[in-house]
Every structure is written in C-alpha cells, then in structure tokens.
Amino acid sequence: MSAYDLLSEPIRKYIREQKWESLRKIQEASIPRILNTDLNYVLISRTASGKTEAAFLPILSKVNFREEGVKVLYISPLIALINDQFARVEKLCEHLDVRVTKWHGEASKGKKDQLLKNPEGIVLITPESLEAMFVNKPYHVSHLFASLEYVVIDEIHSFLGSDRGMHLKSLLSRLQQINHDRFSIVGLSATVSDVNLYVELKGFLGNTENTKIIRDHTPKPINAVFRYFHSDTQELPIGLLKDLYVRTRDSKALVFPNARGRVEEVAVKLKRLSEKVGGHQNYFSHHSSVDKEVREYVEFFAKNAGLQNFCISCTSTLELGIDIGNVDEVVQIDATNSIASLIQRVGRSGRREGRASNLYLYSTDRWSLLQSLACWLLYSEQYIEPVEVIEKPYDVLLHQILSVIKGSSGLYLHELLAKINENPTFSLISEGEAKEIVNHLQEIGFLEKLGHEYIIGVEGEKVVNNKDFYSFFQTPVFFKVSSQGVKIGELPLSPQIREDENVYLSAKIWKIKYVDYETSRIEVIPAKDGKKPLFFGDAADTVHRIREKMLEILYSDGEYDFLDEEAKRILKEMRKEFSVFPITNLKEERPLLFGNGYTKFYSFAGSRINKTIGFLLDLAGAEYVYDDHSSALICRPPEQEPFTRLAAIRLTEDQINEALCEALKKNPALIKLSKWGPYLPLKFQAEILKTKYYDFDACFRFLEKIKWVHNIGE
DNA sequence: GACCTGCTGCGGCGTG
C-alpha cells in the first residue's frame, strides 16, 4: 500500500483538492511510520520540503479527536511561525471538524477562554506561554493536556544546546508527568549536525530508544559568487553597493549584512540608488528593532509580491521558518558565524522558471573573506557544526524550582526533590547540589518555609509575579521611535540619540525632534540624509571547525573559480604573508609571529577556546590584546612573550573553580550572561561561566596538542 | 564594531 492509501479519507480528500501530483520524500517516509508506531520521530529535511505536512497528515489520520481534551500540541520558537502554521493546519483540518487554537501572548483571549471551557483539538503554543500556564494556572495544564497524544516541535534545532531548549525539555518532562508518558513527540528540523543527531537530539525528546530519525539528504543546488570590496571605514564601500544593486534590482532578494545598523545602511542606500535610476522602490529592512507592524507589512508584501521585485535587508529574523515565499537571490555581506546559519539563509532561495539561483558572498576585509570561504567550503561538504549540550543547567533548575513551587500550594523538600529527580533535564545534577540551590534560594528570600513546606518568599514573589519570569532571554531597554503617532521601531540609548541628529530606521531616514527620557520615547520627522543607527550586542562565537578550515585554506594551493579577481588577489596575498611560517601539520601547528615590538599568536581556534586562553593569560598576569576576528592574541613588548609558556599551564578543576569565583567576586556582572545565574550560589555561577563562556577542556586539549611555529626570514 | 527569540492578570474604558 502506498503512503497515500494509508491516510484517512478526509486527509486524502484534502490532498486531492490541493492537486498535489505526489507526496514529498519526507512525507512518504513519515506517514507509514507515524501511523503504525507510537515512537518519537525527528523529521529532517530542508526548508520548504513539506515537513509540517509530513507530521500532520499521519497524525490527523491517526488521532481520535472525538474524545475530550487537547490531542495535539504544536510548539514553536516564534509567534510568527505559529500564525503561519495556524493557517496551514486549519486548512488541513477543514474536512475533519477539528478545532485549532493559537495560544501565545498575542493570541485572542476569547479563543483561549473558549478552549478552557471546552478542551479539544489542536493547540499551537510557545514555550514561554506553556511556562506561564504552569505557573499561573497549573490546573489548566492538566485540564487541557492530560490526554494529549502528540507533541510536535517545530525548528527543533533552534532549541538544541540553548537555555531556552533546556527549559523546553523540562516543560516537556513536566507535561509527560501529568500525561503519564502517553504522548509521542515529532520534531521538525532543517539543520542538525550528525554529531548531535543520535545523542542530544534523541535525548531532547526524553527517550533515546524510542526515538527514530527520518532524514532526506537531497541537497539544494546553488551557485556561490564571491565579491571583494575593501572597506576601511564604518561604511560599506560604494562599489559594493553599486554591484549589489545591479545584481539584485531585477529579482526578489534577501540581503544578510549581519548587524542591524548595516541592515539599515544597505536598505536606505540601495533604495536611494534605485531612486536615481528610476528602479523599483520596494526596499525594506527587517530586524528586531523595526516595529512589529512594519515587519508584518514587509512579510505580507514579500508573500504577496506576485511579479513585483523587492529587496529585504535583514538579520536572522528572516532565517527561521517564517513564510515569505521563495526569493531569487540570497546575499550574505561578510561571513556568517556558523554553517547552520548559512544553510538556513541559503534555504530561502528557490528557482524561478528558467533562472539560476545564486548566493552572493561579499567581503569587506580579508579575514571575513577567509571565514566566508571556509563556511562555503564546509557547507559544500555538507558539514554542520555540532552544538554544545548543557550537561548541568543549574540556572534552568533554579528557574524550574521557582516555577514548580509557585504552581503548587507549598511543597515538602522530598516532594520537590522527587519532581527534580523525575525530570531528565537535570539528571546529571546531584540531589546534594539541588538541595544547595534550594537552601540558597531560601537565604536570599526567594523561598520561604511555612511549617515544613516550601513556598515562594517575599523576594521571590517579585520575580515570579513579573511577566519577565517566563523566558530565558534578557532584553535591554530601548527607546520607542515614532513620527506623529506612527510607530517606526526602537533604538538603544547612545550618543547618537539627541535632538537634530539624523538616523536610518525601518529603511527610512529620520531627524530626531525630541527625546523623552521619562517615557523612553523618541519623536522623529522624515529627513533627507543621515547615519546608520548604533546598536550594542555581543559578538556571536565562531566555532572551532570554521577556524581550522581557514588555516587549511591558507596552507593549501586550492584555486576557487567562484572568487572574483580581487578576492583571488587577497587570498594570494594572505597565503604569501603566512608562508613565512613553515607549517606542515595543520592539526597541530599554529603561527607565532615575532614582529617589531610585539608577538602575535594566530590560534585559528574557536572563540571560546580563545577566550579561555585569554583567561589563562590574565591569571599569568600577561598584558595582551585579543582580536576574535582574526583569531589572534597580541602581546607587547615581546620580551614577555607568554604564549609558548601556555602549554605548560595545567590547572586542576579546583584551581579553575577558585579562579572563576575570584573573577566573579571582582566583577559580579560576569554572570549576567545567564538571566537566572545571578540567583545561584557563587560556585554554581562559576560552573555556568565554565560551560557558557569558556571551554577549559577544549582549551587544554588544544594547548596540549599544538606547537608554535614562528616566522623565518630576516 | 556586535543576532534572535516571549510575556499574566486585572482594572478601566468604550461599544454593541
């Protein structure tokens, strides 16, 4: 029997109405498996290959929706994705008489109330809304989800290896406890490293043995075109902009310039170029600081553009599954920090009849060119970097202790510990450690003892009753920007924010008329000329494999047709420059430059290893400058050259912990990289730093292995 | 220079 024949009649009717000629590969594979077993599955195949249907066609055929209670829970990392999927799933359910309900912060309260009165059908939710339900209405969780049969997790890779993912994993376990392990899980993903596939990904769904992977490897054919335009200033070279304009003016294009300020620069300047020559004016910017309604308009425009061309300059906001349809060209300005990100961005392009699909990779400096080339070569080898899993998420545990106690009417210590013990998210954290965290929470007033039961303390109430409690990410304070009541976006406070200063925002130019510090508002009027806006953030870590590949490229003589003449020249120049280091073993040797009055160590290592080397140099009292862009550490004067001595440094676990605790005492702000970390006992804060910011194991392995090769010649 | 993601409950007001 074909997969189609296995489906229920209403679903087959739906397929016939869609006039699909055939089912997609991933659907053919998933339908019989999901229908015939109760195992967990992870469906992996590239963007727009029909994964949602691969999960929902068989689930809708199989599940009996006549019974009371919500039967299918779909979890998504984005509200926008829920809204897209709602439309698709609701259409699928047309012939089934199954109700679909959106449950997120912006969804209709009325629809949620209806669901509470009559729990049924399918619910689409975010992890944070699920957390809010556990905290505020724990009885609703069991009322709605006690007879759940399937949980579908979209873009599951976005949860792997992050706090947010650990949080979701804990919530899933708490759901299973209510549900008595009856529901199965189907995860959907486009990009997962082989390394993570069988342990972390399966572990994420809770049950490694009962989880199977279904994967469609079919690669996406795409041409890479590299262009090099050097920039010494903060602004993009005019040559690059003109080249970019010509390449994208007759297509639907997405441009990824990596930073919000640059996103605005690209959108405004391309639009201006287009205006001069009478081209289309559909130039937009899309990032977190563009007003939500403006972003929704941009998405709507792209989805319904028909034959009109457009160009959206954006950050990773358009990287995940929001449906804007296919574009003709994807442009990356300067390198991505991960291959996964490159894959997601490339996945945005499709082919229009008779036209080839291209990926343009622009670079504005040589290290970025090298990194971009490394990413592209690794992409071509189908490499994806593994994510680091968090083995002991102490901060997530702290948060979940507060959540569980808030959701109860008081818990004995043994009850609380039993709940933690049941939750696989915390399986590597010992009972003793959990008790220490509980005691600390009591000390700082987050928990209180009422008789022998724990309840939320006075200080804890402030945190738990705040709407900021439900998430694991922190957001800085922004000033809302508007013009005569029309919302435009938001900007952080910077020297740039003052009256009569002109800035770009939402692909337009504005003059600041008034800054209201009381209400954090900025009033602007349209202007003719301005500057790109300033934003602050943390640079994303570059993974180790990309750096290794960069070194391999420098010490190979591989020629790449897809580089333009300028890029070829730059690569040749870099190879010549590095030829003074007689490196033969790329796995173990690294360049050490003795320059005029300085020593420079090119580690070609991941950012976290570099930061850990920096920590060791700090401990040794060495003065140095660290440049992550070129993966280099520079010391002057060279007499104090400390690099070759690093290999001898071997710290015990205790010494590392002690040094980290000292660093935290000196600078308590260090732990702010974790939202809930500041409420942990100091030694656990050190543990968080060890896993999230530094990587001592990898650093010592690296230092043990490498040999420094210094420059020869005059 | 330097990404992104989400958010309850309740009072008060207006409208049908």
Side-chain angles (χ1 to χ4, degrees), chain A residues 75-83 102-107 109 112-113 116 124-138 140 154-155 157-159 162-165 167-168 171 231-236 256-265 285-290 292 295 313-322 332-338 340-342 344-345 364-365 367-368 399 403 406-407 461 463-476 478 492 494 496 531-542 607 626-630 673 675:
Chain A
I75 302 176
S76 151
L78 303 175
I79 286 180
L81 196 53
I82 287 185
N83 295 342
K102 288 187 273 190
W103 191 295
H104 56 63
E106 291 163 17
K109 178 98 172 41
K112 290 183 195 170
D113 288 341
L116 289 175
L124 318 183
I125 202 166
T126 59
E128 287 73 18
S129 282
L130 192 52
E131 172 65 58
M133 207 189 280
F134 267 110
V135 171
N136 297 315
K137 310 168 214 156
H140 285 167
D154 211 346
E155 307 277 8
H157 59 276
S158 75
F159 291 113
S162 73
D163 283 345
R164 195 182 188 198
H167 180 207
L168 176 58
L171 293 174
S231 164
D232 278 322
T233 65
Q234 305 290 351
E235 295 197 23
L236 286 167
F256 291 95
N258 285 354
R260 284 169 288 181
R262 270 214 166 154
V263 163
E264 293 295 345
E265 187 188 359
S285 74
H286 194 285
H287 55 79
S288 64
S289 297
V290 170
K292 199 175 150 47
R295 281 159 70 178
S313 177
C314 57
T315 58
S316 48
T317 46
L318 287 183
E319 203 174 279
L320 284 183
I322 303 167
Q332 176 66 43
I333 300 179
D334 288 327
T336 54
N337 294 297
S338 70
S341 178
L342 184 62
Q344 294 282 141
R345 291 174 187 191
T364 62
D365 78 73
W367 286 102
S368 172
H399 179 266
S403 169
K406 166 76 184 179
E461 287 288 348
V463 169
V464 173
N465 293 332
N466 191 309
K467 66 182 163 72
D468 213 30
F469 180 70
Y470 315 115
S471 77
F472 272 76
F473 24 81
Q474 13 205 7
T475 35
F478 280 107
S494 74
Q496 191 181 39
K531 291 195 193 106
K532 65 177 181 184
L534 297 173
F535 290 97
F536 317 98
D538 294 319
D541 286 345
T542 301
S607 308
Y626 166 48
D627 176 43
D628 190 57
H629 197 52
S630 58
L673 63 107
K675 180 164 165 180

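Predicted model, so just to flag it, every value in this text is computed and none were measured. The figures here come from the full heavy-atom set of this structure, side chains too, leaving out hydrogens, waters and symmetry mates.
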task: Grab the CD-P distance between A:Glu265 and B:dG1 for me, whole Å please.
output: 10 Å
query: For A:Lys137, which residues count as a salt bridge (charged side-chain N to carboxylate O under 4.0 Å, His left out) partner, sequence neighbours excluded?
result: none
- prompt: Which nucleotide in the list B:dG9, B:dC4, B:dT5 gets nearest to the side chain of A:Ser316?
  reply: B:dC4
message: Does A:Arg345 reach a base, just sugar-phosphate, or nothing at all? Heavy atoms under 4.0 Å.
response: nothing
- request: Using whole Å, report how far CG of A:Leu130 lies from C1' of B:dG6.
  value: 13 Å
message: List the residues meeting salt bridge (charged side-chain N to carboxylate O under 4.0 Å, His left out) with A:Arg262, not counting sequence neighbours, and say none if there are none.
response: A:Asp334
query: Which ones in residues 466-473 of chain A lie close to DNA chain B, meaning a heavy atom under 4.0 Å from one of its atoms?
result: A:Lys467, A:Asp468, A:Tyr470, A:Ser471, A:Phe473
Out of B:dG1, B:dC4, B:dC7, whichever nucleotide has its closest atom nearest the side chain of A:Gln234: B:dG1
message: Would you say NZ of A:Lys675 has more than 12 non-hydrogen atoms from neighbouring residues, nucleotides or ligands within 6.0 angstrom?
response: yes
- request: Please name all residues satisfying side-chain contact (heavy atoms from CB on, under 4.5 Å) with A:Ser494, sequence neighbours left out, ordered by chain then number.
  value: A:Gln496, A:Ile497, A:Leu534, A:Phe536
task: Sequence neighbours left out, what passes side-chain contact (heavy atoms from CB on, under 4.5 Å) with A:Phe473? Give chain and number order.
output: A:Glu128, A:Arg164, A:Ser471
- request: Classify the nucleic acid contact of A:Ser288 as base, sugar-phosphate or nothing, counting any heavy atom under 4.0 Å across all strands shown.
  value: sugar-phosphate
message: Please classify the nucleic acid contact of A:Ala132 as base, sugar-phosphate, or nothing, using heavy-atom distances under 4.0 Å.
response: sugar-phosphate
query: How is A:Ile79 classified with respect to the nucleic acid when contacts are heavy atoms under 4.0 Å: base, sugar-phosphate, or nothing?
result: sugar-phosphate
field: Test side-chain contact (heavy atoms from CB on, under 4.5 Å) applied to A:Glu461 - qualifying residues, sequence neighbours left out
entry: A:Lys406, A:Ile456, A:Asn465
- prompt: What pairs with A:Leu78 under side-chain contact (heavy atoms from CB on, under 4.5 Å), at least two apart in sequence or on another chain?
  reply: A:Ser76, A:Leu81, A:Leu320, A:Ile322
task: Determine which bases of DNA chain B form Watson-Crick or G-U wobble pairs with both distances under 3.5 Å, and write the result as a 5' to 3' dot-bracket string with | for other-strand partners.
output: ................
- line: Across all chains, not counting sequence neighbours, the ring pair (Phe, Tyr, Trp, His ring centres under 6.0 Å) partners of A:Phe469 are A:His399, A:Trp676
- request: Can you tell me the distance, in whole Å, between the CD atom of A:Glu264 and the C1' atom of B:dG1?
  value: 17 Å
- request: Check step by step if side chain to side chain contact (heavy atoms under 4.5 Å, CB included) holds for A:Lys531 and A:Gln234.
  value: CA-CA 11 Å; A:Lys531 291 195 193 106; A:Gln234 305 290 351; over 6 Å; no
query: Any luck finding a side-chain donor-acceptor pair between A:Thr317 and A:His286 under 3.5 Å?
result: yes
message: From CD1 of A:Ile333 over to C1' of B:dC3, roughly how many Å is that when rounded to an integer?
response: 15 Å
- prompt: With sugar-phosphate meaning primed atoms plus P, OP1 and OP2, does A:Glu319 contact a base, only sugar-phosphate, or nothing at under 4.0 Å between heavy atoms?
  reply: nothing
field: Nucleotide B:dT5, atom P - distance to NE2 of A:His287 in whole Å
entry: 11 Å
- prompt: A:Gly537 near the nucleic acid: base, sugar-phosphate alone, or nothing, with a heavy-atom cut-off under 4.0 Å?
  reply: base
statement: By salt bridge (charged side-chain N to carboxylate O under 4.0 Å, His left out), A:Asp232 pairs with (sequence neighbours left out) none
- prompt: Heavy atoms under 4.0 Å, any strand shown: does A:Arg260 hit a base, just sugar-phosphate, or nothing?
  reply: sugar-phosphate
Between the protein and nucleotides 11-16 of chain B, list the N/O to N/O atom pairs that are separated by less than 3.5 angstrom.
none

message: Under 4.0 Å from OP1 or OP2 of B:dG6: is there any side-chain N or O of A:Thr126 that close?
response: no
message: Can you tell me if A:Lys137 touches the phosphate of B:dG9, counting only side-chain N or O atoms and a distance under 4.0 Å to OP1 or OP2?
response: yes
query: Side chain of A:Thr475, base of B:dG6: donor and acceptor closer than 3.5 Å?
result: yes
- prompt: How would you list, by chain and number, every residue that makes a salt bridge (charged side-chain N to carboxylate O under 4.0 Å, His left out) with A:Asp627, sequence neighbours excluded?
  reply: none
query: Taking atom P of B:dC3 as reference, at what distance in whole Å does atom CG of A:Asp334 sit?
result: 13 Å
query: Just to confirm, is there a sub-4.0 Å distance from OP1 or OP2 of B:dT8 to any side-chain nitrogen or oxygen of A:Ser129?
result: yes
- prompt: B:dA2 P sits how many Å from A:Asp628 CG, rounded?
  reply: 14 Å
- request: Mind calculating the distance between CD (A:Glu461) and C1' (B:dT8) to the nearest angstrom?
  value: 14 Å
field: Close side-chain approach of A:His629 and A:Ser368, heavy atoms under 4.5 Å
entry: yes
